[in-house]
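Here's the structure we're looking at; comments come further down.
Heavy-atom basis, side chains included; hydrogens, waters and symmetry copies ignored. Just so we're on the same page: letters track the sequence lines, and every chain starts at 1.
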2 protein chains.
Amino acid sequence: MVTKQLLKGLPEDADLRRADSLAREIFSDIANKWALLIIEALGERTLRFSELRNEVEGVSHKMLTQNLRMLERNGLVDRKVHPTVPPRVEYTLTEPGRALRTAVDVMCEWTHQHLGHIEGARGRFEG
Amino acid sequence: MVTKQLLKGLPEDADLRRADSLAREIFSDIANKWALLIIEALGERTLRFSELRNEVEGVSHKMLTQNLRMLERNGLVDRKVHPTVPPRVEYTLTEPGRALRTAVDVMCEWTHQHLGHIEGARGRFEG
DNA sequence: CGGCATCCGCATGGATACTG
DNA sequence: CAGTATCCATGCGGATGCCG
């Protein structure tokens, strides 16, 4: 069980407790719709703020900014500001960000592969 | 690009548009903290409601019920009611649920592997 | 263009209580 | 024990406006 501490949250000593609380915090940060969609949209590319806004269907200006700050703060994306006019800001996944992307890829793939099963399940569930 | 439609949302015909909208809906359902933690907690085991409540640190009665209903509706968990008194309700991941769990595992593993990097990034970000 | 602040409606989610 | 319903606070998230 890889994630014992993350899940059980009952570490015995102070260091473990700190690490686990940090892990929970990070997991809560990234386990949200917009963050995952942003990571997936970036992929291997470098995108500007406005390009990202187009790629991530339905995201608002505010949510995009907010999540990008969070991802930058956690070292998942790199933010490069070009001091031109008009301003040009580019976002790129860092190495850890790209590592996480493989997990997001799996989730997206899973979603597409199970569309049929889920539709069936919903029908059976009574909707 | 595995997830073109999920990400871009610009399908040309009606069927693709329907499938994509369904995919987005499902992705939004599962890309949330509690759903992912519940899936991870279940793993290969079968757990009762109250056991699950203990395993998933910090989840409220209401959130657990709500997310379990959602996961059941989408066919990710199987809900078995034993008509005893007191009642006994057991939850188990279905095959698709277990498939998704591998992705969640990767996310959890990623979190632990990058704790150090993230702490460093936060320091650099000024906090 | 990108970022930040403000306002504010509404859904989210906690607490509580009641049923089978 | 598990589920549902109700109440209620708060915080998420959209809209708008201004600034570098």
State which residues pass side-chain hydrogen bond (donor to acceptor under 3.5 Å, both in side chains) with B/Thr92; sequence neighbours excluded, sorted by chain then number.
-> B/Thr46
When B/Thr94, B/Asp78, B/Val77 are each screened for side-chain contact (heavy atoms from CB on, under 4.5 Å) with B/Glu72, the one that passes is B/Val77
Name the one of A/Leu52, A/Val56, A/Leu42 that satisfies side-chain contact (heavy atoms from CB on, under 4.5 Å) with A/Leu37?
-> A/Val56
d(A/Leu100 CG, B/Met107 CE) to nearest 0.5 Å is 6.0 Å
Could you check if a side-chain atom of A/Arg69 sits within less than 4.5 angstrom of a side-chain atom of A/Arg79, using non-hydrogen atoms only?
-> yes
Would you say B/Asn67 and B/Val59 make side-chain contact, with heavy atoms under 4.5 Å?
->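 Contact flag for B/Asn67/B/Val59 side chains = no.
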Write down the protein N/O and nucleotide N/O pairs, taken from nucleotides 1-6 of chain D, whose separation is under 3.5 Å; answer none if there are no such pairs.
from, atom 1, to, atom 2, distance (Å)
D/dC1, O3', B/Arg48, NH2, 3.0
D/dA2, OP1, B/Arg48, NE, 3.2
D/dA2, OP1, B/Arg48, NH2, 3.4
D/dA2, OP1, B/Phe49, N, 3.4
D/dA2, OP2, B/Ser50, N, 2.9
D/dA2, OP2, B/Ser50, OG, 2.7
D/dG3, OP1, B/Arg69, NH2, 2.9
D/dG3, OP1, B/Arg79, NE, 3.0
D/dG3, OP1, B/Arg79, NH2, 2.9
D/dG3, OP1, B/Tyr91, OH, 2.7
D/dG3, OP2, B/Tyr91, OH, 3.4
D/dG3, N7, B/His61, NE2, 3.1

Nearest whole angstrom, please: distance from the C1' of D/dG14 to the NZ of A/Lys33.
->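 In whole Å, D/dG14 C1' and A/Lys33 NZ are 13 Å from each other.
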For the pair made of CG in A/Asn67 and C1' in D/dC12, what is the distance, rounded to whole Å?
-> 11 Å
Helical bend (five base pairs per end, nearest 10°) for the helix from C/dC1-D/dG20 to C/dG20-D/dC1 |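 The angle, to the nearest 10 degrees, is 40°.
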Excluding sequence neighbours, so at least two apart, what forms side chain to side chain contact (heavy atoms under 4.5 Å, CB included) with A/Ala19?
->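 Scan of A/Ala19 (side chain to side chain contact (heavy atoms under 4.5 Å, CB included), adjacent residues dropped) gives B/Leu115.
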Contact interval (first through last nucleotide) of DNA chain C with protein chain B, 4.0 Å heavy-atom |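 Terminal contacting nucleotides, 5' to 3': C/dG13 to C/dG20.
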Give the ring-plane orientation class for A/His114 versus A/Trp110, where under 30° counts as parallel, over 60° as perpendicular and anything between as tilted.
->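 The arrangement is parallel - the two ring planes meet at less than 30°.
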Do NZ/NE/NH1/NH2 and the carboxylate oxygens of A/Arg122 and A/Glu119 come within less than 4.0 Å?
->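 Result for this pair is no, no salt bridge flagged.
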Output every pair passing ring-ring contact (aromatic ring centres under 6.0 Å, His included) with a member in residues 54-104 of chain A, not counting sequence neighbours, ordered by first then second residue.
->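 Only A/Phe49-A/His61 qualify under ring-ring contact (aromatic ring centres under 6.0 Å, His included).
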